[in-house]
Amino acid sequence: MESTEARAVTFSPDLAALRFGCGLSPALAPPATPEALLAGLDGPDAMSARFPIEDFTAFSEQIAAARAVRETAKNRKDKIENQRVLRRSLTAARNRWHLQRLLRWTWSETPLRERLTAFWADHFTVMGKSSIMLSGALPYEQSAIRPHVAGRFADLLIAVTTHPMMLHYLDQSASVGPGSRLARGRADGRGLNENLAREVLELHTLGVDGPYTQDDVRQLAELFTGLTYTAAKGFAFQPRRAEPGAETVLGKSYGGDPARLEPVLDTLRDLAVHPATARHIARKLAVHFVSDAPDPALVDHVTARYLETGGDLMAVYGALIEHPAAWAAGPANIKPPLDYVASACRALAVPPERLAALEPRRARRLLIDPLAKMGQPLFRPRGPDGWAEEDAAWITPQAVSARLLWALSAPSALRPDLPEPRSFVDTTLGAFATEPVRFAAASAESRADAVGLVLSAPAFQRR
(Lines give C-alpha, C1' and ligand atoms only; values in the text may rest on other atoms or scores of the structure.)
Protein backbone atom coordinates (compact mmCIF):
# COMPACT_ATOMS: atom_id res chain seq x y z
CA MET A 1 0.00 0.00 0.00
CA GLU A 2 1.27 3.48 -0.85
CA SER A 3 1.96 5.93 1.94
CA THR A 4 -0.21 8.99 2.59
CA GLU A 5 2.84 11.09 1.83
CA ALA A 6 3.19 9.52 -1.62
CA ARG A 7 -0.47 10.28 -2.45
CA ALA A 8 -0.36 13.92 -1.34
CA VAL A 9 0.74 15.40 -4.65
CA THR A 10 0.34 19.08 -5.49
CA PHE A 11 -0.05 18.64 -9.22
CA SER A 12 0.56 21.53 -11.59
CA PRO A 13 -0.31 21.13 -15.29
CA ASP A 14 2.16 23.81 -16.33
CA LEU A 15 4.97 22.34 -14.25
CA ALA A 16 4.11 18.88 -15.58
CA ALA A 17 4.54 20.17 -19.14
CA LEU A 18 7.92 21.69 -18.30
CA ARG A 19 9.39 19.10 -15.95
CA PHE A 20 8.03 15.88 -17.42
CA GLY A 21 7.11 16.97 -20.92
CA CYS A 22 8.54 18.91 -23.86
CA GLY A 23 7.37 22.33 -22.68
CA LEU A 24 4.21 24.35 -23.07
CA SER A 25 2.54 24.74 -26.45
CA PRO A 26 -0.05 27.19 -27.82
CA ALA A 27 -1.61 24.31 -29.75
CA LEU A 28 -1.58 21.44 -27.22
CA ALA A 29 -2.97 21.57 -23.69
CA PRO A 30 -0.76 20.53 -20.77
CA PRO A 31 -1.72 17.32 -18.91
CA ALA A 32 -4.59 17.98 -16.51
CA THR A 33 -3.76 15.18 -14.05
CA PRO A 34 -0.87 12.85 -13.16
CA GLU A 35 -2.81 10.08 -14.90
CA ALA A 36 -3.00 12.16 -18.07
CA LEU A 37 0.75 12.66 -17.93
CA LEU A 38 1.27 8.90 -18.07
CA ALA A 39 -1.62 8.16 -20.43
CA GLY A 40 -0.67 6.91 -23.85
CA LEU A 41 2.86 5.83 -22.95
CA ASP A 42 1.97 2.21 -23.55
CA GLY A 43 -0.34 2.96 -26.47
CA PRO A 44 0.29 3.47 -30.20
CA ASP A 45 3.35 5.56 -31.02
CA ALA A 46 1.63 8.28 -33.02
CA MET A 47 4.74 10.42 -33.43
CA SER A 48 6.76 7.59 -34.98
CA ALA A 49 4.00 7.16 -37.53
CA ARG A 50 3.62 10.87 -38.24
CA PHE A 51 7.31 11.80 -38.27
CA PRO A 52 9.12 8.58 -39.21
CA ILE A 53 12.76 7.83 -38.49
CA GLU A 54 14.32 4.82 -40.17
CA ASP A 55 14.74 1.79 -37.95
CA PHE A 56 18.08 0.06 -37.65
CA THR A 57 17.14 -2.82 -39.90
CA ALA A 58 16.46 -0.48 -42.81
CA PHE A 59 19.59 1.49 -41.96
CA SER A 60 21.70 -1.70 -42.04
CA GLU A 61 20.17 -2.80 -45.32
CA GLN A 62 21.12 0.53 -46.87
CA ILE A 63 24.72 0.14 -45.71
CA ALA A 64 24.89 -3.47 -46.89
CA ALA A 65 23.51 -2.57 -50.30
CA ALA A 66 25.95 0.30 -50.71
CA ARG A 67 28.87 -1.89 -49.69
CA ALA A 68 27.80 -4.54 -52.19
CA VAL A 69 27.86 -1.91 -54.94
CA ARG A 70 31.26 -0.75 -53.73
CA GLU A 71 32.67 -4.28 -53.88
CA THR A 72 31.58 -4.66 -57.50
CA ALA A 73 33.25 -1.41 -58.53
CA LYS A 74 35.86 -1.93 -61.22
CA ASN A 75 38.60 0.21 -59.74
CA ARG A 76 39.71 1.96 -56.57
CA LYS A 77 38.52 5.36 -57.77
CA ASP A 78 34.97 4.08 -58.22
CA LYS A 79 35.05 2.42 -54.80
CA ILE A 80 36.09 5.67 -53.14
CA GLU A 81 33.38 7.57 -55.00
CA ASN A 82 30.74 5.02 -53.97
CA GLN A 83 31.83 5.39 -50.35
CA ARG A 84 31.63 9.17 -50.64
CA VAL A 85 28.11 8.96 -52.05
CA LEU A 86 27.04 6.71 -49.17
CA ARG A 87 28.47 9.10 -46.57
CA ARG A 88 26.69 12.06 -48.14
CA SER A 89 23.42 10.14 -48.31
CA LEU A 90 23.62 9.05 -44.67
CA THR A 91 24.59 12.52 -43.47
CA ALA A 92 21.56 13.98 -45.23
CA ALA A 93 19.36 11.27 -43.73
CA ARG A 94 20.82 11.84 -40.26
CA ASN A 95 20.04 15.55 -40.41
CA ARG A 96 16.55 14.84 -41.74
CA TRP A 97 15.88 12.40 -38.90
CA HIS A 98 16.98 15.06 -36.43
CA LEU A 99 14.32 17.40 -37.81
CA GLN A 100 11.76 14.62 -37.45
CA ARG A 101 12.79 14.24 -33.81
CA LEU A 102 12.28 17.97 -33.26
CA LEU A 103 8.82 17.71 -34.80
CA ARG A 104 7.97 14.85 -32.45
CA TRP A 105 8.83 17.09 -29.51
CA THR A 106 6.87 19.94 -31.06
CA TRP A 107 3.63 18.10 -31.75
CA SER A 108 3.46 15.14 -29.39
CA GLU A 109 0.32 14.70 -27.30
CA THR A 110 2.28 12.24 -25.13
CA PRO A 111 5.43 14.31 -24.60
CA LEU A 112 6.65 12.19 -21.69
CA ARG A 113 7.37 9.49 -24.30
CA GLU A 114 9.79 11.85 -26.06
CA ARG A 115 11.49 12.77 -22.78
CA LEU A 116 11.83 9.15 -21.71
CA THR A 117 13.19 8.13 -25.11
CA ALA A 118 15.85 10.82 -24.78
CA PHE A 119 16.58 9.83 -21.16
CA TRP A 120 17.10 6.16 -21.97
CA ALA A 121 19.04 6.91 -25.15
CA ASP A 122 21.43 8.91 -22.99
CA HIS A 123 21.55 6.25 -20.27
CA PHE A 124 22.45 3.71 -22.96
CA THR A 125 24.67 6.05 -24.95
CA VAL A 126 26.09 4.94 -28.28
CA MET A 127 28.09 6.77 -30.91
CA GLY A 128 29.14 5.72 -34.37
CA LYS A 129 32.92 5.41 -34.61
CA SER A 130 33.01 5.88 -38.37
CA SER A 131 31.44 8.44 -40.67
CA ILE A 132 28.90 5.83 -41.74
CA MET A 133 27.99 4.44 -38.33
CA LEU A 134 27.69 7.98 -36.94
CA SER A 135 24.29 8.05 -38.64
CA GLY A 136 23.11 4.97 -36.74
CA ALA A 137 22.27 6.69 -33.43
CA LEU A 138 18.66 7.62 -34.22
CA PRO A 139 17.85 4.30 -35.95
CA TYR A 140 19.26 2.60 -32.81
CA GLU A 141 17.03 4.79 -30.65
CA GLN A 142 14.05 4.03 -32.85
CA SER A 143 14.62 0.26 -32.74
CA ALA A 144 16.12 -0.49 -29.32
CA ILE A 145 14.94 2.31 -27.03
CA ARG A 146 11.57 3.62 -28.13
CA PRO A 147 9.63 0.31 -28.18
CA HIS A 148 10.67 -0.46 -24.59
CA VAL A 149 10.21 2.82 -22.68
CA ALA A 150 6.94 1.59 -21.13
CA GLY A 151 7.97 -2.04 -20.64
CA ARG A 152 10.32 -3.79 -18.24
CA PHE A 153 13.84 -2.59 -17.66
CA ALA A 154 15.17 -6.10 -18.32
CA ASP A 155 13.76 -6.08 -21.84
CA LEU A 156 15.22 -2.64 -22.51
CA LEU A 157 18.60 -3.74 -21.14
CA ILE A 158 18.67 -6.81 -23.35
CA ALA A 159 17.59 -4.84 -26.43
CA VAL A 160 20.39 -2.30 -26.10
CA THR A 161 23.13 -4.68 -24.93
CA THR A 162 22.65 -6.93 -27.94
CA HIS A 163 22.14 -4.12 -30.42
CA PRO A 164 24.72 -3.70 -33.22
CA MET A 165 25.26 -0.02 -32.33
CA MET A 166 26.17 -0.85 -28.73
CA LEU A 167 28.40 -3.72 -29.84
CA HIS A 168 30.04 -1.39 -32.36
CA TYR A 169 30.51 1.52 -29.96
CA LEU A 170 32.03 -0.55 -27.16
CA ASP A 171 34.21 -2.66 -29.47
CA GLN A 172 32.48 -5.93 -28.65
CA SER A 173 33.13 -7.23 -32.15
CA ALA A 174 36.85 -7.17 -31.27
CA SER A 175 36.34 -9.33 -28.18
CA VAL A 176 37.26 -13.00 -28.46
CA GLY A 177 37.38 -15.54 -25.67
CA PRO A 178 41.05 -16.43 -24.97
CA GLY A 179 40.13 -20.10 -24.88
CA SER A 180 37.64 -20.01 -27.74
CA ARG A 181 37.87 -21.97 -30.96
CA LEU A 182 38.43 -18.75 -32.88
CA ALA A 183 41.41 -17.78 -30.72
CA ARG A 184 43.25 -21.10 -31.11
CA GLY A 185 46.29 -20.81 -33.30
CA ARG A 186 45.67 -17.14 -34.12
CA ALA A 187 48.24 -14.41 -33.69
CA ASP A 188 46.27 -11.34 -34.77
CA GLY A 189 46.36 -9.78 -31.33
CA ARG A 190 42.63 -10.01 -30.76
CA GLY A 191 41.58 -11.05 -27.29
CA LEU A 192 39.16 -10.25 -24.53
CA ASN A 193 37.68 -6.74 -24.53
CA GLU A 194 36.02 -5.60 -21.29
CA ASN A 195 34.37 -2.40 -22.53
CA LEU A 196 30.81 -3.69 -22.83
CA ALA A 197 30.92 -5.66 -19.58
CA ARG A 198 32.31 -2.70 -17.64
CA GLU A 199 29.72 -0.26 -18.94
CA VAL A 200 26.84 -2.70 -18.37
CA LEU A 201 27.84 -2.99 -14.70
CA GLU A 202 29.07 0.54 -14.06
CA LEU A 203 26.71 2.67 -16.12
CA HIS A 204 23.71 0.62 -17.23
CA THR A 205 22.82 -1.41 -14.13
CA LEU A 206 24.58 -1.43 -10.74
CA GLY A 207 26.18 2.02 -10.89
CA VAL A 208 29.75 3.20 -10.44
CA ASP A 209 29.61 2.38 -6.71
CA GLY A 210 27.80 -0.91 -7.25
CA PRO A 211 28.71 -4.19 -5.54
CA TYR A 212 30.92 -5.64 -8.25
CA THR A 213 34.65 -6.29 -8.60
CA GLN A 214 37.15 -6.36 -11.42
CA ASP A 215 36.75 -10.13 -11.46
CA ASP A 216 33.01 -9.67 -12.11
CA VAL A 217 33.87 -7.40 -15.03
CA ARG A 218 36.23 -9.98 -16.52
CA GLN A 219 33.84 -12.89 -16.01
CA LEU A 220 30.99 -10.93 -17.61
CA ALA A 221 33.29 -9.95 -20.49
CA GLU A 222 34.07 -13.64 -21.05
CA LEU A 223 30.36 -14.43 -20.99
CA PHE A 224 29.77 -11.72 -23.60
CA THR A 225 32.41 -12.97 -26.05
CA GLY A 226 29.86 -14.67 -28.30
CA LEU A 227 28.04 -11.37 -28.95
CA THR A 228 28.81 -9.82 -32.32
CA TYR A 229 27.16 -8.36 -35.42
CA THR A 230 27.61 -7.92 -39.13
CA ALA A 231 26.46 -5.05 -41.30
CA ALA A 232 24.45 -7.41 -43.49
CA LYS A 233 22.79 -9.60 -40.85
CA GLY A 234 22.82 -7.51 -37.68
CA PHE A 235 23.18 -9.11 -34.24
CA ALA A 236 24.52 -12.63 -33.98
CA PHE A 237 25.74 -14.99 -31.27
CA GLN A 238 28.79 -16.93 -32.43
CA PRO A 239 29.75 -19.85 -30.16
CA ARG A 240 33.17 -20.18 -31.80
CA ARG A 241 34.12 -16.75 -30.43
CA ALA A 242 32.81 -17.47 -26.95
CA GLU A 243 34.97 -18.38 -23.97
CA PRO A 244 34.20 -22.00 -23.06
CA GLY A 245 32.89 -22.97 -19.63
CA ALA A 246 30.80 -21.25 -16.99
CA GLU A 247 31.38 -17.71 -15.71
CA THR A 248 30.60 -16.36 -12.24
CA VAL A 249 29.06 -12.88 -11.98
CA LEU A 250 28.10 -11.48 -8.56
CA GLY A 251 28.50 -14.95 -7.06
CA LYS A 252 26.22 -16.75 -9.51
CA SER A 253 27.35 -19.15 -12.22
CA TYR A 254 26.13 -18.70 -15.79
CA GLY A 255 26.67 -20.70 -18.96
CA GLY A 256 28.81 -23.70 -19.72
CA ASP A 257 29.58 -25.87 -22.71
CA PRO A 258 28.45 -25.41 -25.36
CA ALA A 259 28.29 -21.61 -25.24
CA ARG A 260 24.77 -20.26 -25.79
CA LEU A 261 23.02 -16.91 -25.87
CA GLU A 262 20.46 -17.72 -23.16
CA PRO A 263 22.91 -17.56 -20.20
CA VAL A 264 23.92 -14.07 -21.37
CA LEU A 265 20.28 -12.99 -21.31
CA ASP A 266 19.78 -14.64 -17.89
CA THR A 267 22.66 -12.58 -16.53
CA LEU A 268 21.17 -9.37 -17.89
CA ARG A 269 17.77 -10.25 -16.40
CA ASP A 270 19.35 -10.79 -12.99
CA LEU A 271 21.31 -7.55 -13.19
CA ALA A 272 18.11 -5.73 -14.17
CA VAL A 273 16.37 -6.61 -10.89
CA HIS A 274 19.36 -6.23 -8.57
CA PRO A 275 18.71 -3.80 -5.65
CA ALA A 276 21.72 -1.71 -6.67
CA THR A 277 20.28 -1.36 -10.17
CA ALA A 278 16.94 -0.29 -8.73
CA ARG A 279 18.57 2.50 -6.72
CA HIS A 280 20.85 3.55 -9.56
CA ILE A 281 17.94 3.88 -12.01
CA ALA A 282 15.70 5.56 -9.43
CA ARG A 283 18.30 8.19 -8.65
CA LYS A 284 19.07 8.86 -12.31
CA LEU A 285 15.39 9.41 -13.06
CA ALA A 286 15.04 11.75 -10.08
CA VAL A 287 18.12 13.73 -11.06
CA HIS A 288 17.07 14.00 -14.69
CA PHE A 289 13.46 15.00 -14.12
CA VAL A 290 13.50 16.78 -10.77
CA SER A 291 16.79 18.07 -9.36
CA ASP A 292 20.54 17.66 -9.43
CA ALA A 293 20.24 16.90 -5.72
CA PRO A 294 16.93 15.00 -5.39
CA ASP A 295 15.14 14.44 -2.11
CA PRO A 296 16.37 11.08 -0.70
CA ALA A 297 12.75 10.21 0.12
CA LEU A 298 11.88 10.48 -3.58
CA VAL A 299 14.74 8.18 -4.55
CA ASP A 300 13.72 5.70 -1.83
CA HIS A 301 10.12 5.71 -3.02
CA VAL A 302 11.01 5.08 -6.66
CA THR A 303 13.54 2.42 -5.67
CA ALA A 304 10.93 0.58 -3.61
CA ARG A 305 8.45 0.56 -6.49
CA TYR A 306 11.13 -0.70 -8.85
CA LEU A 307 11.90 -3.62 -6.53
CA GLU A 308 8.23 -4.37 -5.87
CA THR A 309 7.48 -4.66 -9.59
CA GLY A 310 10.71 -6.20 -10.84
CA GLY A 311 11.57 -3.13 -12.89
CA ASP A 312 8.17 -2.44 -14.44
CA LEU A 313 8.95 0.97 -15.91
CA MET A 314 5.37 2.26 -16.02
CA ALA A 315 5.11 1.58 -12.28
CA VAL A 316 8.48 3.24 -11.74
CA TYR A 317 7.41 6.39 -13.60
CA GLY A 318 4.18 6.40 -11.62
CA ALA A 319 6.15 6.31 -8.38
CA LEU A 320 8.27 9.24 -9.53
CA ILE A 321 5.26 11.35 -10.50
CA GLU A 322 3.13 10.58 -7.46
CA HIS A 323 5.68 11.71 -4.88
CA PRO A 324 5.37 15.27 -3.49
CA ALA A 325 9.10 15.93 -3.95
CA ALA A 326 8.63 15.67 -7.70
CA TRP A 327 6.49 18.82 -7.58
CA ALA A 328 8.53 20.96 -5.22
CA ALA A 329 9.09 24.61 -6.17
CA GLY A 330 9.14 25.70 -9.80
CA PRO A 331 11.35 24.81 -12.75
CA ALA A 332 14.74 23.65 -11.49
CA ASN A 333 17.05 21.82 -13.89
CA ILE A 334 18.66 23.67 -16.77
CA LYS A 335 17.54 22.31 -20.13
CA PRO A 336 20.37 20.78 -22.15
CA PRO A 337 20.77 22.42 -25.57
CA LEU A 338 18.80 19.83 -27.54
CA ASP A 339 15.90 20.03 -25.08
CA TYR A 340 16.10 23.82 -25.15
CA VAL A 341 15.86 24.05 -28.94
CA ALA A 342 13.15 21.36 -29.12
CA SER A 343 11.02 23.03 -26.44
CA ALA A 344 11.39 26.35 -28.26
CA CYS A 345 10.04 24.68 -31.41
CA ARG A 346 7.11 23.46 -29.32
CA ALA A 347 6.51 26.92 -27.86
CA LEU A 348 6.51 28.35 -31.37
CA ALA A 349 4.34 25.49 -32.72
CA VAL A 350 6.67 25.31 -35.72
CA PRO A 351 4.66 23.89 -38.65
CA PRO A 352 5.99 20.59 -40.03
CA GLU A 353 5.87 21.95 -43.55
CA ARG A 354 8.15 24.81 -42.49
CA LEU A 355 10.94 22.45 -41.42
CA ALA A 356 10.39 20.29 -44.49
CA ALA A 357 10.84 23.34 -46.70
CA LEU A 358 14.16 24.36 -45.16
CA GLU A 359 17.11 23.99 -47.50
CA PRO A 360 19.53 21.45 -45.92
CA ARG A 361 22.34 23.95 -45.31
CA ARG A 362 19.95 26.40 -43.72
CA ALA A 363 18.44 23.67 -41.55
CA ARG A 364 21.92 22.75 -40.39
CA ARG A 365 22.76 26.39 -39.55
CA LEU A 366 19.51 26.84 -37.63
CA LEU A 367 19.05 23.55 -35.82
CA ILE A 368 22.28 21.55 -35.79
CA ASP A 369 25.36 23.78 -35.70
CA PRO A 370 24.05 25.92 -32.78
CA LEU A 371 23.86 22.82 -30.55
CA ALA A 372 27.63 22.43 -30.68
CA LYS A 373 28.09 26.09 -29.73
CA MET A 374 25.74 25.52 -26.79
CA GLY A 375 27.90 22.60 -25.69
CA GLN A 376 26.04 19.56 -27.08
CA PRO A 377 27.32 18.59 -30.56
CA LEU A 378 24.75 16.42 -32.25
CA PHE A 379 25.39 12.65 -32.13
CA ARG A 380 28.77 13.15 -30.44
CA PRO A 381 28.35 12.48 -26.71
CA ARG A 382 31.33 13.00 -24.44
CA GLY A 383 31.63 9.28 -23.62
CA PRO A 384 29.71 6.13 -22.66
CA ASP A 385 28.24 7.95 -19.66
CA GLY A 386 26.34 10.31 -21.97
CA TRP A 387 25.67 13.99 -21.45
CA ALA A 388 26.07 15.72 -18.11
CA GLU A 389 23.06 16.18 -15.86
CA GLU A 390 24.66 18.91 -13.73
CA ASP A 391 23.40 22.41 -14.46
CA ALA A 392 26.94 23.77 -14.39
CA ALA A 393 27.74 21.87 -17.59
CA TRP A 394 25.27 23.99 -19.55
CA ILE A 395 25.72 27.48 -18.15
CA THR A 396 29.22 28.36 -19.30
CA PRO A 397 29.62 31.88 -20.76
CA GLN A 398 30.03 30.56 -24.30
CA ALA A 399 27.01 28.26 -24.04
CA VAL A 400 24.76 30.94 -22.56
CA SER A 401 25.82 33.41 -25.24
CA ALA A 402 25.01 30.86 -27.94
CA ARG A 403 21.54 30.33 -26.48
CA LEU A 404 20.83 34.05 -26.44
CA LEU A 405 21.99 34.51 -30.03
CA TRP A 406 19.87 31.55 -31.15
CA ALA A 407 16.78 32.83 -29.30
CA LEU A 408 17.05 36.21 -31.00
CA SER A 409 17.75 34.97 -34.53
CA ALA A 410 16.30 31.50 -35.13
CA PRO A 411 12.58 31.85 -34.28
CA SER A 412 11.80 34.25 -37.13
CA ALA A 413 13.35 31.77 -39.57
CA LEU A 414 11.43 28.85 -38.09
CA ARG A 415 8.14 30.71 -37.98
CA PRO A 416 8.05 33.97 -39.95
CA ASP A 417 4.58 34.78 -38.58
CA LEU A 418 5.83 35.19 -35.02
CA PRO A 419 3.16 35.24 -32.28
CA GLU A 420 1.98 38.38 -30.53
CA PRO A 421 4.43 39.00 -27.63
CA ARG A 422 1.93 39.25 -24.76
CA SER A 423 0.17 36.03 -25.66
CA PHE A 424 3.51 34.31 -26.30
CA VAL A 425 4.57 34.99 -22.71
CA ASP A 426 1.48 33.24 -21.38
CA THR A 427 1.46 30.29 -23.78
CA THR A 428 5.20 29.68 -23.30
CA LEU A 429 5.74 30.29 -19.58
CA GLY A 430 2.24 29.72 -18.23
CA ALA A 431 2.09 30.00 -14.45
CA PHE A 432 5.79 30.86 -14.36
CA ALA A 433 5.53 34.08 -16.34
CA THR A 434 6.82 37.03 -14.32
CA GLU A 435 6.00 40.71 -14.57
CA PRO A 436 9.55 41.65 -15.62
CA VAL A 437 9.32 39.22 -18.54
CA ARG A 438 5.86 40.51 -19.48
CA PHE A 439 7.15 44.08 -19.42
CA ALA A 440 10.27 43.24 -21.45
CA ALA A 441 8.26 41.40 -24.10
CA ALA A 442 5.69 44.18 -24.38
CA SER A 443 8.43 46.84 -24.63
CA ALA A 444 10.61 45.08 -27.19
CA GLU A 445 11.26 46.90 -30.44
CA SER A 446 10.13 43.96 -32.59
CA ARG A 447 8.33 40.65 -32.29
CA ALA A 448 11.62 38.87 -32.95
CA ASP A 449 13.20 40.66 -29.99
CA ALA A 450 10.17 39.91 -27.80
CA VAL A 451 10.17 36.22 -28.63
CA GLY A 452 13.93 36.08 -28.07
CA LEU A 453 13.55 37.68 -24.64
CA VAL A 454 10.91 35.14 -23.62
CA LEU A 455 13.00 32.20 -24.81
CA SER A 456 15.96 33.64 -22.92
CA ALA A 457 14.04 34.01 -19.66
CA PRO A 458 15.22 31.86 -16.73
CA ALA A 459 11.76 30.27 -16.50
CA PHE A 460 12.14 28.97 -20.06
CA GLN A 461 15.75 27.91 -19.66
CA ARG A 462 14.74 25.56 -16.84
CA ARG A 463 12.34 22.68 -16.54
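Ion pairing between Asp312 and Arg305 fails under the 4.0 Å rule for side-chain N and carboxylate O. Using a 4.0 Å cut-off between charged side-chain N and carboxylate O, Lys77 and Glu81 make no salt bridge. Glu262 has a carboxylate O that lies under 4.0 Å from a charged side-chain N of Arg269, or vice versa, which qualifies the two as a salt bridge. With respect to the salt-bridge test (charged N to carboxylate O, under 4.0 angstrom), the residues Glu202 and Arg198 do not qualify.
Between the side chains of Thr267 and Asp270, no donor N or O sits under 3.5 Å from an acceptor N or O. At a cut-off of 3.5 Å, with distance as the only test, no side-chain donor of Ser253 or Glu247 sits close to an acceptor on the other residue. One side chain, Lys284 or His123, offers a donor N or O that lies under 3.5 Å from an acceptor on the other. Side-chain polar atoms of Gln62 and Ser89 form a donor-acceptor pair below 3.5 angstrom. When only modelled atom types and interatomic distance are considered, His288 and Glu389 share a side-chain donor-acceptor pair under 3.5 Å. For the residue pair Asp171/Asn195, the side-chain donor-acceptor check at 3.5 Å is satisfied.
Checked options Asp292, Asp339, Asp391; the residue passing with Arg462 is Asp391 (criterion: salt bridge (charged side-chain N to carboxylate O under 4.0 Å, His left out)).
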- Message: Please evaluate residues Leu338 and Trp387 with respect to the criterion side-chain contact (heavy atoms from CB on, under 4.5 Å), reporting the C-alpha separation (whole Å), side-chain torsions for both, the decisive distance (0.1 Å), and the verdict.
- Response: CA-CA 11 Å; Leu338 181 56; Trp387 296 107; over 6 Å; no
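The aromatic rings of Tyr140 and His163 sit perpendicular, their planes meeting at an angle over 60°, well past the 30° parallel limit. Ring planes of Phe289 and Phe20: parallel class, angle under 30° (limits at 30 and 60°).
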For a quick test of your reading: what N or O donor-acceptor pairs under 3.5 Å do the side chains of residues 359-372 make, sequence neighbours left out?
unit_1	atom_1	unit_2	atom_2	d
Glu359	OE1	Arg361	N	3.1
Glu359	OE1	Arg362	N	3.1
Glu359	OE2	Arg361	N	3.3

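Here the closest heavy-atom approach between residue Gly179 and residue Glu243 is recorded as N-OE1, 2.7 Å. Scanning all heavy atoms of the two residues, the minimum distance from Tyr340 to Ser343 falls at O-OG, 3.0 Å. Minimum heavy-atom separation, Gly310 to Val273: O-CG1, 3.6 Å. Annotation for Pro147 and Gln142: closest pair CD-O, 3.3 Å, computed over non-hydrogen atoms.
Among pairs with a residue in residues 36-47, those fulfilling salt bridge (Lys or Arg N to Asp or Glu O under 4.0 Å) read Asp45-Arg113, Asp45-Arg146, at least two apart in sequence or across chains.
Thr228 has its side chain out of reach of Gln172: every pair of non-hydrogen atoms, C-beta onward, lies at least 4.5 Å apart.
Going from atom CD1 of Ile321 over to atom CG of Leu285 covers 10.0 Å, rounded to the nearest 0.5 Å.
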